[in-house]
Amino acid sequence: MATTDTTKTPLIVRILLEKGDLTPEQVDNFPLPVASWPKNAVAYVVEQGIAEDRLVAQRLAEYLGCTWLDLDPDVPTRILQGPPGGGEARIMGEIADLLASTTEAVARIPESVFRGHLAVPVRVQDGHLHVLCMDPMDFSAIEEIRMLSGMSVISHVGTQALFKKLNKAAFSERDKLSEVIGGADKSKGEGPQKDQVDVDVQRSLPGGRDSQILRMVNTILLQAIEEGASDIHLEPYETMVRVRYRIDGQLREVTPPPFRMFSQVVSRLKILAKMDIAEKRKPQDGAIAMKNGEHRVDLRVSTVPCVYGEKVVMRVLEKNAIPDKMETIGFSEQQAAEFLEAAESHHGLMFVTGPTGSGKSTTLYCALNLVNTPTKNIATVEDPVEYKMTGMNQVQVNPAAGLDFASALRAFLRQDPDVIMVGEVRDTETAGICMRAALTGHLVLSTLHTNSALQVVTRLTDMGIEPFLLGPALRLLEAQRLVRRLCSECKQPVELPAESAQRHGLEPGITIYRPGDNLQCMTCKGAGYKGRLGIYEVVSMDEQLVEMIGSGATQADMEKYVLSRGTNLLPQSGRIRVLEGLTSLEEVSDYIRVD
């Protein structure tokens with residue numbers, strides 16, 4: 001008779017042997033020796049057909065003295081609870097209703113914790129968080145979930161069928177556990193390598209003293225991404241720290257890390273951004289490549305020494321955020337058509353203007369992405385490179401090494417470019433090279449900090465560019481601003497008073513919209529706004545305008561001319577967005593006020 005070495009036998013196999021559900025001969029005849037089984041022996045027993053799913057759950061529950069859960073075979077959307085040792089099963093309730101009760105507790109716990117420990121929340125009842133564990137002997141999982149949720153945790157044993165169903169229902173908006181496991185298996189093969197990232201916010205973290213800092217940093221980053229933040233601010237003060245997210249252009253304060261841990265949080269971020277953690281006396285810049293599920297997110301990190309420590313600001317650059325249509329970011333159909341027509345030209349100068357944070361880079365990348373084909377050689381010189389795009393040759397300015405905008409431009413012109421994008425025209429030398437490149441058969445796109453599109457002419461003339469050369473070189477001028485978009489769920493109509501209408505060039509008595517005051521609105525969370533959109537003025541060149549530039553016409557005269565031909569400038573575009581109910585009068589008031 002065969003003998004089995006029980007010292008190396010997994011717990012579930014020993015339990016099944018003791019109950020007579022397995023015989024030693026069956027164990028000795030397993031295709032794979034028990035010593036070589038995967039870590040999760042419970043799942044392996046079921047997958048290999050060694051024991052039936054419900055039997056395994058029942059035996060484990062008996063051994064551990066807890067309940068076992070399963071799906072009702074007659075009503076697959078209901079859960080059965082079996083007391084230890086069997087007995088009559090009773091219905092616990094609908095899966096959706098059960099999971100709804102866990103929302104508040106689970107919101108405090110990164111999904112990676114559940115995934116890493118093969119656990120899923122079931123319900124909250126009487127102050128207890130009930131959790132289904134695929135590995136019921138993983139007591140560290142229960143302890144970690146307890147600490148993060150702030151609640152006592154009751155673990156249950158369940159069938160694998162139930163676990164898969166609950167996992168799918170609980171985390172349907174993110175990657176499923178099976179996809180994560182499948183992706184990990186595929187990465188071991190000969191397929192293409194995944195993007196190299198510095199931090200994966202959904203990856204389970206190791207235990208130990210430093211795990212709390214790692215988890216804290218991951219939570220700050222993940223929450224910022226989930227709330228749609230464009231910037232993350234970490235600020236030290238004398239007795240406290242502050243964390244703020246810039247959401248839809250407005251800074252919003254969130255719960256900060258403990259004061260005593262702030263320096264460790266900063267050190268962790270500096271390590272990820274490949275900065276010198278020992279240098280705390282001067283500003284530093286870096287970048288973090290982050291993965292959030294299937295999304296790649298790049299963070300541009302800047303540190304500055306302040307009175308009470310280092311302030312950290314991170315710009316969130318989501319690679320999937322570049323739209324595939326210019327109308328998506330607020331261009332009208334006519335404006336988008338004019339912009340793309342100029343972007344597909346063989347030569348000329350295009351300028352995108354606006355203040356810092358007005359979305360100029362997004363507009364340029366959107367246009368470049370639309371004309372990015374294998375038939376075009378596209379080169380960019382930026383400071384810094386914000387979005388890394390396939391199919392474009394992007395150069396990061398490095399003044400310390402002698403690589404500035406002008407030297408990079410000169411080098412590009414020797415590399416047979418079709419399209420050149422210059423991050424910003426800052427000096428006369430760069431402006432002159434851009435203009436010469438445009439006149440010699442290259443399309444050049446760049447940005448300037450001006451208040452309007454036609455003010456570009458004045459700015460470049462002040463830099464020393466001759467007007468008779470500037471007119472023929474220019475192809476298109478564009479100016480833009482970002483305004484908050486009204487929440488579509490809670491915005492409220494209001495009749496425009498005569499005084500306000502006169503001040504903003506609108507008709508008295510018309511119906512416009514203002515932000516709602518519904519603090520219970522789930523879409524905007526009571527802010528009244530959700531997301532942002534652009535207002536634009538797109539001025540394309542024609543013979544008359546080129547002639548006016550060459551003859552030194554004033555900006556006012558040029559604006560009168562482009563308005564007479566039907567071009568909408570910022571005031572007209574702002575009024576259109578207000579009348580369409582997309583934004584409020586307060587958001588565009590500075591741009592449409594009639595002096």
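The figures here come from the full heavy-atom set of this structure, side chains too, leaving out hydrogens, waters and symmetry mates.
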Which heavy atom of [X] sits nearest to which heavy atom of [Y], and what is that distance?
{"X": "Pro323", "Y": "Thr362", "value": "CD-CG2, 4.2 Å"}
{"X": "Gly531", "Y": "Asp248", "value": "N-OD2, 2.9 Å"}
{"X": "Met392", "Y": "Asn369", "value": "CE-N, 3.9 Å"}
{"X": "Phe412", "Y": "Pro417", "value": "O-CD, 3.2 Å"}
{"X": "Lys311", "Y": "Val313", "value": "CE-CG2, 3.5 Å"}
{"X": "Arg481", "Y": "Asn451", "value": "NH2-O, 2.8 Å"}

Answer whether the closest heavy-atom distance between the side chains of [X] and [Y] falls below 4.5 Å.
{"X": "Thr239", "Y": "Phe259", "answer": "no"}
{"X": "His347", "Y": "His442", "answer": "no"}
{"X": "Leu349", "Y": "Met435", "answer": "yes"}
{"X": "Thr450", "Y": "Thr458", "answer": "no"}
{"X": "Leu443", "Y": "Lys376", "answer": "no"}
{"X": "Phe405", "Y": "Asp383", "answer": "yes"}
{"X": "Pro257", "Y": "Val217", "answer": "no"}
{"X": "Met314", "Y": "Leu234", "answer": "yes"}

Walk me through it: do Leu470 and Thr461 pass the test side chain to side chain contact (heavy atoms under 4.5 Å, CB included)? CA-CA 8 Å; Leu470 180 58; Thr461 303; 4.2 Å; yes

Examine distances only and state if a side-chain atom of [X] and a backbone atom of [Y] form a donor-acceptor pair shorter than 3.5 Å.
{"X": "Asp418", "Y": "Asn377", "answer": "yes"}
{"X": "Thr303", "Y": "Glu310", "answer": "no"}
{"X": "Gln572", "Y": "Leu569", "answer": "yes"}
{"X": "His233", "Y": "Arg244", "answer": "no"}
{"X": "Asp298", "Y": "Ala289", "answer": "no"}
{"X": "Arg575", "Y": "His504", "answer": "yes"}
{"X": "Ser589", "Y": "Glu586", "answer": "no"}
{"X": "Glu559", "Y": "Leu454", "answer": "no"}
{"X": "Ser230", "Y": "Arg246", "answer": "yes"}
{"X": "Lys360", "Y": "Pro355", "answer": "yes"}

Measuring from atom [atom1] of [X] to atom [atom2] of [Y], what distance do you get when rounded to the nearest 0.5 angstrom?
{"X": "Cys366", "Y": "Glu327", "atom1": "SG", "atom2": "CD", "value": "8.5 Å"}
{"X": "Phe351", "Y": "Leu460", "atom1": "CZ", "atom2": "CG", "value": "4.5 Å"}
{"X": "Gln212", "Y": "Thr219", "atom1": "CD", "atom2": "OG1", "value": "10.0 Å"}
{"X": "Arg577", "Y": "Leu582", "atom1": "CZ", "atom2": "CG", "value": "6.0 Å"}
{"X": "Leu445", "Y": "Met350", "atom1": "CG", "atom2": "CE", "value": "5.0 Å"}
{"X": "Lys270", "Y": "Glu279", "atom1": "NZ", "atom2": "CD", "value": "7.5 Å"}

Mutual orientation of the aromatic rings belonging to Tyr365 and Tyr387 [parallel < 30°, tilted 30-60°, perpendicular > 60°]: perpendicular

Between Arg532 and Glu587, is there a side-chain N and carboxylate O pair less than 4.0 Å apart? no

I'd like to know if Asp542 and Arg565 make a salt bridge, using a cut-off of under 4.0 Å between side-chain N and carboxylate O. yes

Does [atom1] in [X] sit with more than 12 non-hydrogen atoms of other residues, nucleotides or ligands closer than 6.0 Å?
{"X": "Glu580", "atom1": "CD", "value": "yes"}
{"X": "Gln544", "atom1": "CD", "value": "yes"}
{"X": "Glu333", "atom1": "CD", "value": "no"}

Val539 vs Leu476, test: side chain to side chain contact (heavy atoms under 4.5 Å, CB included). Steps then yes/no. CA-CA 6 Å; Val539 179; Leu476 179 137; over 6 Å; no

Any chance the side chains of [X] and [Y] put a donor and an acceptor closer than 3.5 Å?
{"X": "Thr363", "Y": "Gln480", "answer": "yes"}
{"X": "Ser573", "Y": "Tyr591", "answer": "no"}
{"X": "Gln555", "Y": "Ser452", "answer": "yes"}

Could you walk me through whether Ile592 and Leu585 pass side chain to side chain contact (heavy atoms under 4.5 Å, CB included), step by step? CA-CA 9 Å; Ile592 70 174; Leu585 187 61; 3.6 Å; yes

For Thr447, what residues pass the side chain to side chain donor-acceptor pair (under 3.5 Å) criterion, not counting sequence neighbours? none

Partners of Tyr513 by side chain to side chain donor-acceptor pair (under 3.5 Å), sequence neighbours excluded? none

The test is salt bridge (Lys or Arg N to Asp or Glu O under 4.0 Å); show your working for Asp404 and Arg426 and say whether it passes. CA-CA 11 Å; Asp404 55 15; Arg426 298 177 179 175; over 6 Å; no

The residue among Arg315, Arg252, Arg300 that forms salt bridge (Lys or Arg N to Asp or Glu O under 4.0 Å) with Asp231 is Arg315

Please test Cys434 against Val422 for side chain to side chain contact (heavy atoms under 4.5 Å, CB included), starting from the C-alpha separation and ending with a verdict. CA-CA 8 Å; Cys434 286; Val422 182; 3.9 Å; yes

